[in-house]
Colleague: 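Before anything else, here's the structure in question.
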Amino acid sequence: MAISETDTRGQAGLDAETLRALYRHMLRSRLLDERLWALNRQGRAPFWISGMGHEAVQVAFGMNLRPGYDWVAPYYRDLGLTLVLGMTPKDHLLSALARADDPNSGGRQMPAHYGCHRLNIITTGSPVGTQLLHAAGAALAARMRGEDSVAFTSMGEGGSSEGDFHEALNFAAIHKLAVVFVVENNGFAISVPWDKQMPTPDVADRAQAYGIPGVVVDGEDPMACFRVARDTIARARSGEGPVLVEAKVLRLTSHSSDDDQRRYRSAEVLEAEKLRDCLSRFRVTLEELGVLSAGDADEMRAELVLELDRATDEAEAAALPEPESALRHVLADGDGT
Amino acid sequence: MAISETDTRGQAGLDAETLRALYRHMLRSRLLDERLWALNRQGRAPFWISGMGHEAVQVAFGMNLRPGYDWVAPYYRDLGLTLVLGMTPKDHLLSALARADDPNSGGRQMPAHYGCHRLNIITTGSPVGTQLLHAAGAALAARMRGEDSVAFTSMGEGGSSEGDFHEALNFAAIHKLAVVFVVENNGFAISVPWDKQMPTPDVADRAQAYGIPGVVVDGEDPMACFRVARDTIARARSGEGPVLVEAKVLRLTSHSSDDDQRRYRSAEVLEAEKLRDCLSRFRVTLEELGVLSAGDADEMRAELVLELDRATDEAEAAALPEPESALRHVLADGDGT
Amino acid sequence: MPTKTYLEAIRDGIREEMQRDERVMILGEDVGAKGGVFGVTDGLQKEFGEWRVLDSPLAESCIVGVAIGAALNGMRPIAEIQFQDFILPAVDQIVSEAAKFRYRSNNDWNVPMVVRAPFGGGVHGALYHSQSIEAIFCHIPGLRVVVPSTPYDAKGMIVAALRDPDPVMYFEHKRAYRAVKGEVPDGEYTVPLDRAAVVREGADIAVFTYGMMVHTVLNAAERLVPDGFECEVVDLRALRPLDHDAIVASARKCGKVLIVQEANLAVSVSSEVAAIIAQDCFEHLDAPVMRLGGPEIPAMPFSPPLEQFYLVTPDKVETSLRELAAY
Amino acid sequence: MPTKTYLEAIRDGIREEMQRDERVMILGEDVGAKGGVFGVTDGLQKEFGEWRVLDSPLAESCIVGVAIGAALNGMRPIAEIQFQDFILPAVDQIVSEAAKFRYRSNNDWNVPMVVRAPFGGGVHGALYHSQSIEAIFCHIPGLRVVVPSTPYDAKGMIVAALRDPDPVMYFEHKRAYRAVKGEVPDGEYTVPLDRAAVVREGADIAVFTYGMMVHTVLNAAERLVPDGFECEVVDLRALRPLDHDAIVASARKCGKVLIVQEANLAVSVSSEVAAIIAQDCFEHLDAPVMRLGGPEIPAMPFSPPLEQFYLVTPDKVETSLRELAAY
Ligand SMILES: Cc1ncc(C[n+]2csc(CCOP(=O)(O)OP(=O)(O)O)c2C)c(N)n1
Ligand SMILES: Cc1ncc(C[n+]2csc(CCOP(=O)(O)OP(=O)(O)O)c2C)c(N)n1
Ligand SMILES: [Mg+2]
Ligand SMILES: [Mg+2]
């Protein structure tokens with residue numbers, strides 16, 4: 001495809017401010033993610049499903065989208081993406097604690113089922129893969145009105161086995177719609193390894209079936225992710241049609257708080273993966289580049305933890321939904337409820 | 001892929017007997033097909049959906065399969081295929097006339113919904129695309145038992161837009177199952193032209209998504225079809241995994257007896273296509289090659305028409321199903337009904 | 001008022017709403033140049049262009065999933081499914097997605113989409129072009145399910161469906177397309193999506209039905225008149241939510257109830273109507289709540305004697321009515 | 001007899017049948033090394049190998065479609081769907097294909113396949129890990145639908161399902177997996193797939209229910225004993241075909257009827273049971289046929305107060321029973 005994967009070392013055209021923002025967003029997502037795990041382990045949040053290891057690609061795409069103008073049909077690991085777009089740690093804490101003011105669902109859905117109309121983040125359910133068609137449909141509407149918005153949608157490599165994956169890429173490609181399909185390939189669908197999920201190592205190979213570009217990027221390399229995000233979104237926005245991006249990422253946690261990956265993955269592999277974590281490596285890179293100076297990262301962290309502590313307190317103090325409110329919003333209610 | 005598309009002119013390794021059989025099977029299918037249209041136009045058969053223009057590829061594959069050993073999950077245009085495998089014109093006439101002895105369905109399904117357990121022809125319903133997964137499942141069972149049977153399955157290019165297409169190719173490729181997927185691409189799904197169905201001109205491109213060979217063959221060239229059928233079936237049988245074959249064919253009729261393609265296709269194009277008809281061209285080729293001598297084709301035709309006339313009479317004389325028999329065979333009946 | 005067929009009435013409703021509201025679009029197989037396999041969208045692509053009347057790939061989940069996305073982004077799409085039988089690949093998009101958007105987002109998102117599909121048999125359509133599987137959707141909160149039986153309702157309900165902010169399943173009986181004619185006003189009007197209609201008044205037996213069966217039942221009802229029995233015939237029209245009050249009112253009034261549908265009976269609309277009556281009209285009932293529908297077989301067979309055996313005919317309805325009358 | 005959990009009973013049934021019959025295989029997401037998300041297939045891949053316990057791609061239509069094909073070619077596959085909520089992409093393969101093979105081929109082909117899926121809520125599973133959507137399949141001729149409620153039945157019915165020549169939908173209540181224990185014989189036995197079971201005898205109120213609700217109802221039934229009311233509790237077990245005679249017998253015996261299920265009521269199993277009773281027990285009824293189930297909302301919400309609001313509890317059942325008793 002046209003988008004070249006240039007050298008991933010060095011700043012490679014990204015200015016210091018961008019790089020710092022990239023790091024800060026990733027760190028913010030990670031800290032929130034860790035907090036949500038902690039709440040789960042303490043028995044205060046019944047469920048969590050993590051984005052740890054996926055942050056680089058999520059943040060990179062988030063930074064290149066136009067919040068509230070572009071369309072976003074994410075999946076449950078996209079914590080980092082939603083934060084960049086404008087959702088807040090408190091939003092997701094309200095969700096994890098199933099509070100009435102959870103903006104995703106009012107406590108109706110499990111956490112990590114993102115949605116925010118104001119930001120054009122389409123409400124996500126649990127069924128894997130359905131959202132790709134929604135992105136294609138949103139892009140179709142934009143195309144019909146002659147708008148240059150882009151529809152971003154993401155999923156895991158496991159989700160790419162569903163029929164909807166094929167139907168969405170096919171439709172978007174036929175009509176050259178501005179959809180950026182991102183597969184966050186972490187090598188596992190719960191316990192099922194990629195080679196039981198697909199016959200070739202790269203999901204990006206599937207782009208050839210639709211005559212669209214397929215790009216593989218190291219999802220643990222934030223700068224490479226940023227460039228791919230910038231270029232593919234720009235390409236889609238300019239009317240050249242959809243693109244399929246595959247980010248090779250690490251799933252640094254078990255599938256979810258209900259899973260224990262030590263049952264099906266060796267301790268050595270899990271140890272080794274930690275060393276490839278995008279976040280710690282990126283900090284080193286940025287410090288080497290002088291983008292972050294000695295105390296910067298720690299200062300950032302401290303400030304973000306403060307935000308997080310306040311958000312946690314507020315979320316815990318927030319009210320649970322009223323039981324009878326379960327009956328509301330099945331169809332539009334005449335009384336505005 | 002490994003299978004080279006060699007020169008399609010000349011006998012190219014096919015002996016005269018094979019070529020004559022190929023022609024005869026095609027002619028037999030065509031004559032039956034014409035008869036079924038005639039019965040429809042006379043108001044004696046409520047529905048027909050034709051294989052005219054698709055015969056070469058159907059017959060080529062049929063001749064290279066092992067009836068009753070290999071597995072066949074066909075689609076409604078595969079009249080020619082079923083005849084080669086061992087079904088008879090009378091079988092299909094009984095079906096078209098909705099007689100009790102219709103071996104496909106006892107008059108329960110529309111004609112062209114093929115099925116015959118004895119021949120491992122899996123009963124087909126109307127929903128497009130579902131059969132591909134059945135072929136993959138049959139091949140899985142064969143693989144588990146260590147058998148070298150091949151599962152053949154076919155569909156139109158329109159059907160390849162369904163999610164099941166993706167799911168079936170993906171599964172078969174992951175497990176290197178012996179499935180030969182054949183797309184009979186006639187350029188239309190009822191009235192929808194191929195370019196509203198897919199973004200690239202060749203369905204065979206989709207093979208790349210699964211790391212399997214994709215072969216395009218001129219479906220109006222019986223010899224080319226034969227070689228592709230022979231080679232792909234042999235490849236699958238030898239354990240090298242699935243293959244996707246796309247035969248570019250002509251739909252020489254309207255979609256079905258309920259359709260009138262003059263509403264959406266120009267008269268000139270329709271006229272021009274007739275000249276490319278596999279059957280008449282093949283006769284000329286075989287006569288030029290000396291495989292058929294002067295009167296051979298006419299003699300064949302006369303003999304086949306005789307068979308057909310007899311079959312038509314027998315089918316018309318056959319009984320309709322008993323009304324109450326509609327209640328039978330929902331689940332296994334204890335009484336063996 | 002001009003007389004139109006059921007099919008023309010649907011088309012008129014769609015066309016007029018497309019003229020009034022440029023957000024309305026159609027997505028489906030063969031809806032463009034061919035005008036749909038039954039001709040419902042005939043001429044619309046010419047009038048409104050290729051985008052607004054878009055031939056989709058042969059992929060029902062795609063049709064509905066894309067329609068959902070377009071609805072989210074400001075359109076009012078009609079997702080046309082060629083035959084109700086072929087809606088099943090789209091069930092996940094309809095039930096898991098469209099039906100749950102408003103609820104799962106706590107009212108932040110909604111899906112103003114209409115899914116149209118022809119259903120029903122009696123046209124030699126065999127197992128896969130004759131089915132009546134609306135029951136599947138009638139179980140699902142978050143959906144509206146409607147079936148008009150007259151040209152008047154067909155137009156008024158398609159317009160209402162296109163203005164409704166939630167997903168509406170709009171099922172058309174394919175035998176009604178050309179067989180049923182009636183008066184249809186020119187211009188704009190709507191028919192509510194949640195109200196049954198008493199299409200024949202009577203005090204002896206209440207018959208609840210919908211779709212093409214309304215006409216079958218009306219025919220049979222007349223046959224009892226000479227014997228002094230007047231049936232009240234209720235066209236349910238709205239299958240989800242059902243018009244509970246109308247059902248209870250007619251059942252209480254008559255005390256005897258027959259429910260008629262073309263679909264097989266088990267776990268169907270007829271079951272729910274009977275259950276409502278068994279719970280809420282107990283003290284008013286003078287006879288068992290009777291049901292008449294297709295046999296418990298996978299679908300309507302092709303061969304004429306088998307198809308005929310399947311169909312609910314005026315004769316069969318008459319027999320049931322007489323049984324009830326004599327009770 | 002050893003005491004086992006519901007989950008262990010299912011696993012034992014599968015394992016023993018796999019030992020006896022090498023045609024039995026399992027295909028589904030995470031069924032292998034992980035042993036399924038609930039652990040039902042734990043250890044089976046180790047015992048029977050990667051082919052017979054095969055981790056499928058994340059694609060439900062594929063799981064069922066491939067299982068159909070394998071069944072045609074001599075296998076006895078279990079297609080495991082991770083949650084009943086995620087069965088919807090496979091509805092076309094189940095309803096259009098598996099359910100119609102025997103019928104459409106006039107008995108030439110059949111599909112001996114079992115589709116297993118956990119259903120039901122009360123485990124903080126929220127909208128998509130709590131659903132009870134068995135009604136969809138209960139409408140479909142050509143399928144069997146069963147729901148065991150005890151470990152004994154769970155084992156006996158999975159074995160029977162694996163020997164049945166037709167497609168069987170075998171739904172497991174996920175809250176029962178570890179919460180419900182009971183005696184389970186070692187070795188081979190089967191429980192019929194079309195028979196309800198009277199799990200508590202009584203002559204005052206007949207309660208029809210299935211799945212986890214059997215235990216909820218049994219609990220509530222005891223609370224009425226001090227007041228002199230004895231409920232007959234019928235575990236439907238077979239949801240399609242329903243055990244018509246058992247339903248009619250208990251309803252006639254008691255004259256008062258309550259139907260309890262976790263699913264929402266409209267067009268559901270409860271509707272059909274009520275309709276059967278309204279038609280066939282009219283002269284024996286002493287009260288309205290009452291139903292109790294989930295509210296008419298798209299699915300069970302996550303937040304504890306909302307989830308609790310949804311659930312049918314012994315308290316709610318008791319209230320309904322007392323209402324009926326007082327009628
Ligand atoms: C249709 C459907 N089937 C099954 C599931 C259960 N499930 C949830 S996540 C998951 C694995 C997803 O793997 P992948 O797509 O690779 O994403 P990852 O979690 O690895 O990021 C499964 C099987 C589901 N949510 N939806
Ligand atoms: C799931 C499904 N959707 C729609 C239809 C209606 N239908 C029957 S054939 C057909 C077109 C098929 O086109 P293609 O696959 O190209 O095959 P061809 O008829 O051209 O050989 C359609 C839309 C169907 N049978 N099944
Ligand atoms: Mg993954
Ligand atoms: Mg075609």
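Quick note on labels: first sequence line is chain A, next is B, and so on, each numbered from 1.
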Colleague: Flag the one option from B:S105, B:G106, B:G158, B:G156 with the top tally of heavy-atom pairs under 4.5 Å to chain C.
Modeller: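 When all of B:S105, B:G106, B:G158, B:G156 are compared, B:G158 has the most.
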Colleague: Below 30° counts as parallel, above 60° as perpendicular, anything between as tilted: where do the rings of B:F188 and B:Y264 land?
Modeller: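 Geometry flag for B:Y264 against B:F188: tilted rings.
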Colleague: Can you see whether C:F101 has C:R104 sitting over its ring - NZ or CZ less than 6.0 Å from the centre and within 45° of the normal?
Modeller: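 Yes - C:R104 lies over the ring of C:F101, closer than 6.0 Å to its centre and within 45° of its axis.
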Colleague: Taking side chain as everything from C-beta outward and backbone as N, CA, C, O, which of these in C:V31 sits under 4.5 Å from a heavy atom of chain B? Side chain, backbone, both or neither.
Modeller: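 Answer is neither: C:V31 stays 4.5 Å or more from chain B.
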Colleague: With only heavy atoms counted, which part of C:E307 is less than 4.5 Å from chain B, the side chain, the backbone, both or neither?
Modeller: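 Neither part, no heavy atoms under 4.5 Å.
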Colleague: Go through it in stages, so that I can follow the logic: the residues are C:S270 and C:R291, the test is side-chain hydrogen bond (donor to acceptor under 3.5 Å, both in side chains), and I'd like the CA-CA distance, side-chain angles, deciding distance and then a yes or no.
Modeller: CA-CA 7 Å; C:S270 71; C:R291 295 189 292 160; 3.0 Å; yes
Colleague: Where on B:S256 is there a heavy atom nearer than 4.5 Å to chain C: the side chain, the backbone, both, or neither?
Modeller: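 For B:S256, no heavy atom lies under 4.5 Å from chain C.
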Colleague: For C:F171, is the NZ or CZ atom of C:R116 found under 6.0 angstrom from the centre of its six-membered ring and inside 45 degrees of the ring axis?
Modeller: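 No cation-pi geometry.
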Colleague: Please work out which of the three classes, parallel, tilted or perpendicular, describes the rings of B:Y210 and B:H166, given edges at 30° and 60°.
Modeller: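 Taking B:Y210 first and then B:H166, their aromatic rings sit tilted (interplane angle of 30° to 60°).
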Colleague: Apply side-chain hydrogen bond (donor to acceptor under 3.5 Å, both in side chains) to the pair C:T216 and C:N219, showing each step before the final yes or no.
Modeller: CA-CA 5 Å; C:T216 305; C:N219 175 327; over 6 Å; no
Colleague: Check step by step if ring-ring contact (aromatic ring centres under 6.0 Å, His included) holds for B:H113 and C:F302.
Modeller: CA-CA 11 Å; B:H113 286 58; C:F302 180 60; 8.7 Å; no
Colleague: Relative to chain C, which of B:S325, B:A326, B:G125, B:P193 shows the most heavy atom pairs under 4.5 Å?
Modeller: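 Most pairs with chain C among the choices: B:A326.
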Colleague: Side chain, backbone, both or neither: which part of B:D102 has a non-hydrogen atom closer than 4.5 Å to chain C?
Modeller: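 Looking at B:D102, nothing touches chain C.
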Colleague: With a 4.5 Å cut-off on heavy-atom pairs, point out which of B:L320, B:I190, B:V330 contacts chain C the most.
Modeller: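 Option with the greatest count: B:I190.
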Colleague: Looking at chain C, which one of B:Q197, B:E157, B:E324 has the largest number of heavy-atom pairs inside 4.5 Å, strictly under?
Modeller: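 That would be B:Q197.
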Colleague: Looking at C:H129, C:E29, C:E296, which makes the most heavy-atom pairs under 4.5 Å with chain B?
Modeller: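 The candidate making the most pairs under 4.5 Å is C:H129.
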Colleague: Given heavy-atom pairs under 4.5 angstrom as the criterion, report whether the side chain, backbone, both or neither of B:V192 touches chain C.
Modeller: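 Both the backbone and the side chain of B:V192 come within 4.5 Å of chain C.
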Colleague: Yes or no on side-chain contact (heavy atoms from CB on, under 4.5 Å) for B:R77 and B:I49, after CA distance, side-chain angles and deciding distance?
Modeller: CA-CA 7 Å; B:R77 296 212 191 276; B:I49 187 160; 3.4 Å; yes
Colleague: Quick check on B:A96 against chain C: is it the side chain, the backbone, both or neither that has a heavy atom closer than 4.5 Å?
Modeller: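 Answer is backbone: N, CA, C or O of B:A96 sit under 4.5 Å from chain C.
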Colleague: Determine the option with the most heavy-atom pairs under 4.5 angstrom with chain B, choosing from C:L127, C:L58, C:I297, C:L54.
Modeller: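 That would be C:L58.
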